[in-house]
Colleague: 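What follows is a structure written as C-alpha cells; I'll ask about it next.
Please read all numbers here as calculations on a predicted model, not as lab measurements. Naming: A, B, ... by sequence-line order, numbering from 1 per chain.
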Amino acid sequence: MIDLKYLQKNFDEASAKLVKKGVDSETLERLKELFATLKEANATLEESKAEQNKMSKLFGEYMREKKDVTELKAKVDAKKEEIVGLQESAREAQQALELVALAMPNFPDDSVPEGVDEEDNVELKKVLEPRSFEFEPKEHWALAELNGWIEFDRGVKLAKSRFAVLRGEAARMERALINFFLDVNREKGFEEVCVPFINNATMLQGTGQLPKFEDDLFKIDGEDLYLIPTAEVPLTNLYNDEILTTKELPILLTGYTPCFRKEAGSAGRDTRGMIRQHQFDKVEMVAITTPEQSEEIFKMMVDNASDILTQLGLPHRVVELCGGDLGFSAATTLDLEVWLPGQNKYREISSISNTRDFQARRAKIRYKDGKKNVLVNTLNGSALAVGRTLVAIMENYQNEDGSIEIPEVLKKYM
RNA sequence: GGACAGUUGGGUGAGUUGGCUGAAACCACAUCCCUGCUAAGGAUGCGUACUCGUAAGGGUACCGAGGGUUCGAAUCCCUCACUGUCCGCCA
C-alpha cells in the first residue's frame with residue numbers, strides 16, 4: 001500500500017509518480033478525499049467516545065458513593081446513541097478507503113524510465129554471445145517431441161490446457177535445475193526455506209496479489225486459501241505482522257515452490273509449448289532489508305540470477321522495465337531475458353523487483369530502529385524460473401539431429 | 001472428523017464475584033549509577049496502531065478474531081479460528 005500521509009502532503013508529486021504507472025489523477029484525488037474523510041470521521045468518533053468513557057467512570061464512582069445515577073444514565077444513553085451513528089460512518093469511510101487504497105499500485109522509483117508497455121523497456125546489457133547454428137534451430141516443443149521429454153496432451157488430460165508432463169531426462173533435469181539453483185543461492189548467503197504452497201488471503205493481500213488480482217489465482221473451494229502464484233508470497237509473509245531487530249537484517253531467503261497461475265489475462269498468448277503454464281516450478285529469492293540496504297541487495301540479486309544463467313552458458317540480457325510495464329507492487333524491476341534461438345528472441349526468465357516499503361506496509365513488516373518501528377524494504381526475484389530454463393537449455397543446447405547436450409554445471413546433478 | 005482443555009504485552013505468567021488493570025510479578029532488553037574488571041547490586045525506562053500537539057503531553061482502539069449483553073467487559077453470552085490432549089483416520 002502506498003503511504004497515504006505522503007499522498008496527502010505531497011499530492012502533486014505523488015500523482016506525477018503514479019501517472020507514470022498509468023493511474024489517472026482523478027482516482028488519486030478520490031483516494032486523498034477518502035483518507036481525509038476517514039480521518040475526520042475517526043476524530044469525531046473518538047471525541048465522543050472519550051466523553052462516554054469519562055461518564056462511565058463517573059458512573060462507577062456514583063455507584064460506590066450510592067449517589068443517584070438516573071440523570072447520568074440518561075446522558076450516557078444519549079451519547080451512546082450518537083456513537084452508534086458515528087461508528088457506522090467511520091466504518092463506511094474505512095471500507096471506502098480500503099477499496100481504493102488496496103487497489104493502488106506502488107510508486108515507481110524516480111529512475112524508472114517512462115513508457116507504456118514492454119516496447120519501452122530499456123536494455124541495460126547483454127551477457128554471452130548467442131551461438132550461431134549451421135542448421136535451423138528448432139523450437140522447444142519440437143525438440144520435446146523428438147526426445148520424448150514433454151507430453152502436452154497427457155498434461156491436458158490430467159488437468160486441463162496449459163498443463164504438461166515432463167518425462168525421463170527432462171524430469172530429471174527439472175529436478176537438477178532446482179538443486180543447482182538452490183545451491184548457488186545458498187552459496188550467495190540465502191537461507192533455504194521450505195514453505196506451504198497454499199496460503200491464506202491475508203498473506204496474498206500482504207504481497208499485493210489480493211484484492212485486485214483474485215482472478216489470477218486458484219482458490220481452494222470453501223476455504224480462505226489459495227495456491228501460491230509465486231514463492232514471493234510465503235517467503236515475504238514469513239515475517240507478516242512482525243517487528244524485527246536491526247541486527248537480523250538483511251534477511252535473505254531462497255526457496256523452491258511450484259507456482260500456480262490462472263493466466264486469466266493471457267488468452268491466446270504462448271499457448272504452444274511450456275512458456276506459459278498454469279503450474280510451473282520456480283526458485284525464488286526474497287530479501288527483507290532496511291531502506292538503506294535494499295539498493296545494494298537488489299544489485300546483488302540481479303547479479304546472482306545473471307551469474308546462474310552465465311554458469312549454464314545461456315546468453316541473456318538485462319532489461320529495465322518502464323513505468324507502464326512495472327508490476328503492481330514494484331517500485332523498480334529488472335528482468336533477465338534468456339535467448340531462445342528456436343523462437344529467435346529473448347524471453348523473460350527472471351524478474352527482480354524492489355517493492356520498497358509497499359508490501360511491508362500491507363504485511364506490517366517492521367524493524368526496530370532505536371525506539372522507532374520502521375517499515376522494512378522487501379525485494380523478490382526469480383533465480384530462476386525452472387521450466388523456462390529447461391526450455392532455454394533445450395533450444396540453446398540442441399544438435400542438428402534434435403538431441404540435446406547437458407550443460408556442464410548440471411552434469412553432477414543428473 | 002468426535003470429545004475435553006486452553007488462547008493475556010518480546011518471554012514466563014497474574015487477573016475470570018464486570019468499573020480503581022492497557023493490564024501485577026518475574027525474565028529479557030535499553031540507559032544510567034555503584035563497583036571494578038569471566039561477578040554482583042541499585043535507579044529509570046520498556047507493547048502496537050491510529051490520532052491531536054513544535055514539544056511536554058493528551059485522546060481512541062487492541063488481553064486469538066468477529067458479534068452480543070451492559071452506563072461500563074480481559075472478565076458474562078454467541079459464532080469462528082488456532083493450540084494442546086485423548087479417540088478415529090492416514091503419507
Colleague: Within the structure shown, what part of the strands sits under 4.0 Å from Leu72(A) by heavy-atom distance: base, sugar-phosphate, or nothing?
Modeller: nothing

Colleague: Mapping Ala43(A) and Met63(A) to their closest nucleotides on RNA chain B, which lands nearer the 5' end?
Modeller: Met63(A)

Colleague: Under 3.5 Å, which protein N or O atoms sit close to an N or O of nucleotides 57-67 of chain B? Give each pair with its distance.
Modeller:
from, atom 1, to, atom 2, distance (Å)
rG59(B), N2, Glu46(A), OE1, 2.9
rU60(B), OP1, Asn53(A), ND2, 3.1
rA61(B), OP2, Asn53(A), ND2, 3.4

Colleague: So, Asn377(A) versus Asp357(A): side-chain donor-acceptor pair below 3.5 Å or not?
Modeller: no

Colleague: Quote, to the nearest angstrom, the C1' distance that separates rU8(B) from rC4(B).
Modeller: 22 Å

Colleague: Using a cut-off of 4.0 Å on non-hydrogen atoms, how would the nucleic acid contact of Asp77(A) be classed: base, sugar-phosphate, or nothing?
Modeller: sugar-phosphate

Colleague: Is there a Watson-Crick or G-U wobble partner for rA55(B) with both distances under 3.5 Å, and which nucleotide is it?
Modeller: none

Colleague: Ring centroid separation for Phe107(A) and Tyr6(A), is it under 6.0 angstrom?
Modeller: yes

Colleague: If rA5(B) has a Watson-Crick or G-U wobble mate with both distances under 3.5 Å, name it; if not, just say none.
Modeller: rU83(B)

Colleague: Rounding to a whole Å, what distance do you find between Leu225(A):CG and rC82(B):C1'?
Modeller: 13 Å

Colleague: Looking only at side-chain N and O atoms, does Glu232(A) offer a donor or acceptor that is under 3.5 Å from a partner on Gln359(A)?
Modeller: yes

Colleague: Take atom P in rA65(B) and the same atom in rG10(B), then report the distance between them in whole Å.
Modeller: 13 Å

Colleague: Enumerate the residues from residues 356-366 of chain A whose closest heavy atom to RNA chain B is under 4.0 Å, giving them by residue number; use none for an empty result.
Modeller: Arg366(A)

Colleague: Rounded to the nearest Å, what distance is computed from the CG atom of residue Asp241(A) to the P atom of nucleotide rG47(B)?
Modeller: 17 Å

Colleague: Counting N and O atoms only, with roles assigned by atom type, does the side chain of Asp24(A) sit under 3.5 Å from a partner on the main chain of Thr27(A), one being a donor and the other an acceptor?
Modeller: yes

Colleague: Centroid-to-centroid, Phe218(A) to Tyr226(A), below 6.0 Å?
Modeller: no

Colleague: Provide the distance between the two P atoms, one in rU16(B) and one in rG2(B), to the nearest whole Å.
Modeller: 33 Å

Colleague: Determine the contact category for Lys39(A): base if any of its heavy atoms lies under 4.0 Å from a base atom, sugar-phosphate if only primed atoms, P, OP1 or OP2 are that close, otherwise nothing.
Modeller: sugar-phosphate

Colleague: I'd like to know whether the aromatic ring centres of Phe358(A) and Phe328(A) sit less than 6.0 Å apart in this structure.
Modeller: yes

Colleague: Can you list every pair that meets salt bridge (Lys or Arg N to Asp or Glu O under 4.0 Å) and has a residue in residues 266-280 of chain A, with sequence neighbours left out?
Modeller: Glu263(A)-Arg276(A), Asp270(A)-Arg276(A), Asp270(A)-Arg347(A)

Colleague: Using the C1' atom in both, what is the distance from rG18(B) to rC29(B), to the nearest Å?
Modeller: 35 Å

Colleague: Write down the partner of rA39(B) under the Watson-Crick or G-U wobble criteria, each distance required to be under 3.5 Å.
Modeller: none

Colleague: Taking side-chain hydrogen bond (donor to acceptor under 3.5 Å, both in side chains) as the criterion, tell me which of Thr230(A), Asp335(A), Asn380(A) meets it with Ser351(A).
Modeller: Asp335(A)

Colleague: Can you check the distance between rA24(B) and rG47(B), where both ends of the measurement are the P atom (answer in whole Å)?
Modeller: 10 Å

Colleague: Is there a donor in the side chain of Asp216(A) and an acceptor in the side chain of Gln209(A), or the other way round, less than 3.5 Å apart?
Modeller: no

Colleague: Find the partner of rA61(B): check Watson-Crick (N1-N3 plus N6-O4 or O6-N4) and G-U wobble (N1-O2, O6-N3) distances, both under 3.5 Å, and reply none if neither fits.
Modeller: rU48(B)

Colleague: If only side-chain N and O atoms count, and only distance matters, is there a donor-acceptor pair under 3.5 Å linking Thr355(A) with Thr378(A)?
Modeller: yes

Colleague: With rounding to the closest Å, how many angstrom separate the P atoms on rG13(B) and rG64(B)?
Modeller: 15 Å

Colleague: In whole Å, what is the span from the CG atom of Asp224(A) to the C1' atom of rC82(B)?
Modeller: 13 Å

Colleague: Between rC50(B) atom C1' and Gln8(A) atom CD, what is the distance in whole Å?
Modeller: 13 Å

Colleague: Check whether the side chains of Glu82(A) and Ser48(A) place a donor and an acceptor atom closer than 3.5 Å, and report yes or no.
Modeller: yes

Colleague: Please confirm whether the shortest side-chain N or O distance from Lys57(A) to OP1 or OP2 of rC71(B) is below 4.0 Å.
Modeller: no

Colleague: What is the distance, rounded to the nearest whole Å, between atom CD of Glu98(A) and atom C1' of rA49(B)?
Modeller: 14 Å

Colleague: Shortest non-hydrogen contact from Ile352(A) to Met301(A)?
Modeller: CD1-O, 3.9 Å

Colleague: Determine the interatomic distance between C1' on rU85(B) and the same-named atom on rU31(B); round to the nearest Å.
Modeller: 45 Å

Colleague: How close or far is atom P of rG72(B) from atom NZ of Lys79(A), stated in whole angstroms?
Modeller: 14 Å

Colleague: Grab the OH-C1' distance between Tyr62(A) and rC20(B) for me, whole Å please.
Modeller: 17 Å

Colleague: Within this structure, what is the CZ-to-P distance between Phe59(A) and rC20(B), rounded to whole angstrom?
Modeller: 15 Å

Colleague: Using heavy atoms to find the nearest nucleotide of RNA chain B for Lys368(A) and Gln52(A) separately, return the residue whose nucleotide is more 5′.
Modeller: Lys368(A)

Colleague: Distance between the P atoms of rC46(B) and rC82(B), in whole angstroms?
Modeller: 37 Å

Colleague: For rA25(B), give its Watson-Crick or G-U wobble partner with both distances under 3.5 Å, or none.
Modeller: rU12(B)

Colleague: With a 4.0 Å cutoff (strictly under), does any side-chain N or O of Lys5(A) reach OP1 or OP2 of rU51(B)?
Modeller: yes

